[in-house]
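A short worksheet on the structure shown next.
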Amino acid sequence: MDFDVKKEVKDFYGNIAQKVQEDTYSTCSCCQEISRAQRNYAGQNLDDIPKEAIEASLGCANPLVFAQIKEGETILDLGSGGGIDVLMASKYVGGSGKIYGTTP
């Protein structure tokens, strides 16, 4: 029996995305009091980020802390998931920058 990693990852995250879309997704018990995104992006304004992107965020860290993004840059986010990092990075690159996000 062959194990298809790409299919397993796609199925796993696709299932979560489907549940978010159907509004039936709930975070794990350790994160129920606040979303993982609210912890990862503490102190940053999430008010203009769509609720669905926040709820679909499965990341374990805030990559923007390390990226040192500057206005006008072009950013590629591989494995964007719900897109929260793409949306947050757009605040840094401004109108002259570009953000691309992709999921498997």
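Index from 1, following the sequence.
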- line: Smallest heavy-atom separation, Gly72 atom then Ser96 atom, equals CA-OG, 3.3 Å
message: Quick check: closest heavy atoms across Ala89 and Ile99, and the distance to 0.1 Å?
response: CB-CD1, 3.6 Å
- prompt: Partners of Asp48 by side-chain hydrogen bond (donor to acceptor under 3.5 Å, both in side chains), sequence neighbours excluded?
  reply: Lys91
field: side chain to side chain donor-acceptor pair (under 3.5 Å) partners of residues 70-79, not counting sequence neighbours, each pair once
entry: Asp77-Ser80
- prompt: Going from OG1 on Thr102 to CG on Leu78, what distance comes out if it is rounded to the nearest 0.5 angstrom?
  reply: 7.0 Å
statement: In terms of heavy-atom contacts, Ile69 and Tyr92 come closest through CG2-CB, 3.6 Å
field: salt bridge (charged side-chain N to carboxylate O under 4.0 Å, His left out) contacts touching residues 92-102 (sequence neighbours left out)
entry: none
